Enquirer: 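Following this message is one structure expressed as structure tokens.
What you see is a predicted model, and the numbers here were worked out from it, not measured in a lab. The figures that follow rest on heavy atoms only: side chains count, while hydrogens, waters and symmetry mates do not.
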Amino acid sequence: MELPGSPECRVFSIQSHVVRGYVGNKAASFPLQVLGFEVDTVNSVQFSNHTGYNHWKGQVLNAEELQELYEGLKLNGVTRYDYVLTGYNRDASFLARVVDIIQELKRQNPHLVYVCDPVLGDKWNGEGSMYVPEELLPVYRDLVVPVANIITPNQFEAELLTGLKIRTKMEAVQVMDKLHSLGPDTVVITSSELPASRGADYLVTLGSQRKVDAQGRIHTQRISLELPRVEAVFVGTGDLFAAMLLAWTHHHPNDFKLACEKTVSAMHHILQRTICSAKALAGPGVKPTYAQLEIRMVQSRKDIESPELVVTGADL
């Protein structure tokens, strides 16, 4: 991706870490490295595996420990970053400290882009529920989202952050506009419950990007993408999506639609490979386990690096 002699592009990623499997930094680092980025990771937790398994053990990093790691980087003069990436977090004080660090990094590099996956919850069978403490919602809405440049909520998270519901494409536009008004120039709703034009077997992803021209006029591009559903519960896909969107918006700064098409197409290839492998491991008629459903990351290197486009974005 990078031309010989071109300056490195460095990402500061503050996310969870697992020994086994692919969530958080384990899901984000490999695709970013494959796509030409240097990745410096802070592990907000270190667990044996993700918490969907029957058992898990590990440690949690607190706000003071995060600050200590950051201070070490500062003492060595190595805190110039092009991107910051954050995902799942359960602690309000840790999240507030992340915001302080991002603001300091943005003062050092005003062009820094902060990509935030505001992990709050999701919908199952039409019912939404939060899987982080409710006290995190105002922290995300009032502190985190305003300093973000790119956010990747699902429909439930977008509705929580705006206080609005998405039942139609028009309402989706209103929600994305409200999210823009909070701060981010780029909003991608990674999954929605809107009906797809291609039928119930497809999932709708929505994107909106605002740019200001030389005359100060705001131009908004809105797109929708439909990808085939995969009937399985994967963990780490949101972390993977945010990382690839970061990469492809960087490599295609003037083509938001193509960046989204590459991100969603790569996701499709990776999840298809993962579910096929998981079903083969489980055997006929047996539901795959979480261990069998771990993302086939290394096996998908070529799809990450150069995804065949199977999803085409349409204007919204």
Enquirer: So how far is it from L179 CG to S208 OG, rounded to the nearest 0.5 Å?
Expert: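 Reported value, rounded in 0.5 Å steps: 9.0 Å.
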Enquirer: Have K302 and H269 got a donor and an acceptor in their side chains that come within less than 3.5 Å?
Expert: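 Side chains of K302 and H269: no pair found under 3.5 Å.
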Enquirer: For the pair D185 (side chain) and N149 (backbone), establish whether a donor and an acceptor sit closer than 3.5 Å, ignoring hydrogens and angles.
Expert: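 Flag not set: sc D185 to bb N149 has no pair under 3.5 Å.
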Enquirer: A quick test of your reading: do over 12 heavy atoms of other residues, nucleotides or ligands sit less than 6.0 Å from NE2 of H111?
Expert: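 For H111, atom NE2 is not crowded (no more than 12 foreign heavy atoms under 6.0 Å).
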Enquirer: Output yes when K257 and E261 qualify as a salt bridge under the 4.0 Å nitrogen-oxygen rule, no when they do not.
Expert: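 Yes.
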Enquirer: Taking the six-membered ring for Trp, are Y70 and F12 parallel (under 30°), tilted (30 to 60°) or perpendicular (over 60°)?
Expert: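 Correct class here is tilted.
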Enquirer: Should S197 and E226 be marked as a side chain to side chain donor-acceptor pair (under 3.5 Å) after you check the CA-CA gap, both sets of side-chain angles, and the distance that decides it?
Expert: CA-CA 8 Å; S197 64; E226 299 183 1; 2.9 Å; yes
Enquirer: Hey, does the side chain of K26 reach the backbone of V18 with a donor-acceptor pair shorter than 3.5 angstrom?
Expert: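 Flag set: sc K26 to bb V18 pair under 3.5 Å.
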Enquirer: Give a yes or no on whether the backbone of G72 and the side-chain of N76 come within a donor-acceptor separation of less than 3.5 Å.
Expert: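 Flag set: sc N76 to bb G72 pair under 3.5 Å.
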Enquirer: In plain terms, say whether E104 and K74 are close enough for a salt bridge, that is, a side-chain N and a carboxylate O under 4.0 Å apart.
Expert: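 Salt bridge between E104 and K74, a charged N being under 4.0 Å from a carboxylate O: yes.
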Enquirer: Taking D303 for its side chain and P307 for its backbone only, find out whether a donor-acceptor pair lies under 3.5 Å.
Expert: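 No; judged by distance alone, with no hydrogens or angles, the pair does not exist.
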Enquirer: Under 3.5 Å, is there a donor-acceptor pair between the side chain of S277 and the main chain of T274?
Expert: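 Answer holds: no.
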Enquirer: Taking 4.0 angstrom as the limit, do D40 and R10 come out as a salt bridge?
Expert: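 Yes, this pair counts.
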Enquirer: Ring pair (Phe, Tyr, Trp, His ring centres under 6.0 Å): which pairs involve residues 159-205, sequence neighbours left out?
Expert: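 Residue pairs with at least one partner in residues 159-205: there are none.
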Enquirer: If the threshold is 4.0 Å, N to carboxylate O, is there a salt bridge linking R210 and D177?
Expert: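 Salt bridge between R210 and D177, a charged N being under 4.0 Å from a carboxylate O: yes.
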Enquirer: Answer yes or no: is there a donor N or O on one side and an acceptor on the other, between the side chain of R141 and the main chain of P146, under 3.5 Å?
Expert: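 Not confirmed, R141 side chain does not pair with P146 backbone.
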Enquirer: Determine yes or no for a side-chain-to-main-chain donor-acceptor pair under 3.5 angstrom, with S265 supplying the side chain and V311 the backbone.
Expert: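 Yes; at least one donor-acceptor contact below 3.5 Å.
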Enquirer: Is there a side-chain contact between F256 and V188 (heavy atoms, below 4.5 Å)?
Expert: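 Heavy-atom side-chain distance check passes, below 4.5 Å.
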Enquirer: Quick check: does any side chain N or O of N43 sit under 3.5 Å from a backbone N or O of V45, one acting as donor and the other as acceptor?
Expert: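 Not confirmed, N43 side chain does not pair with V45 backbone.
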Enquirer: Is a side-chain N or O of T86 found less than 3.5 angstrom from the main chain of I14, in a donor-acceptor match?
Expert: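 Side chain of T86 to backbone of I14: no pair is present.
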Enquirer: What do you reckon, is CZ of R229 surrounded by more than 12 foreign heavy atoms closer than 6.0 Å?
Expert: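 Check passes, neighbour count above 12.
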Enquirer: Should the pair E171-K165 be classified as a salt bridge under the 4.0 Å nitrogen-to-oxygen rule?
Expert: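 Here E171 does not pair with K165 in a salt bridge, since their nearest N and O are not under 4.0 Å apart.
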Enquirer: Can you pull out every ring pair (Phe, Tyr, Trp, His ring centres under 6.0 Å) where at least one residue sits in residues 287-316? Sequence neighbours excluded, please.
Expert: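 Residue pairs with at least one partner in residues 287-316: H50-Y290.
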Enquirer: Given side chains that start at C-beta, do those of L258 and W248 come closer than 4.5 Å, heavy atoms only?
Expert: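 Of all side-chain heavy-atom pairs linking W248 with L258, none is under 4.5 Å.
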Enquirer: Can you tell me if E294 uses its side chain to pair, donor with acceptor, with the backbone of A291 under 3.5 Å?
Expert: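 A pair under 3.5 Å: no.
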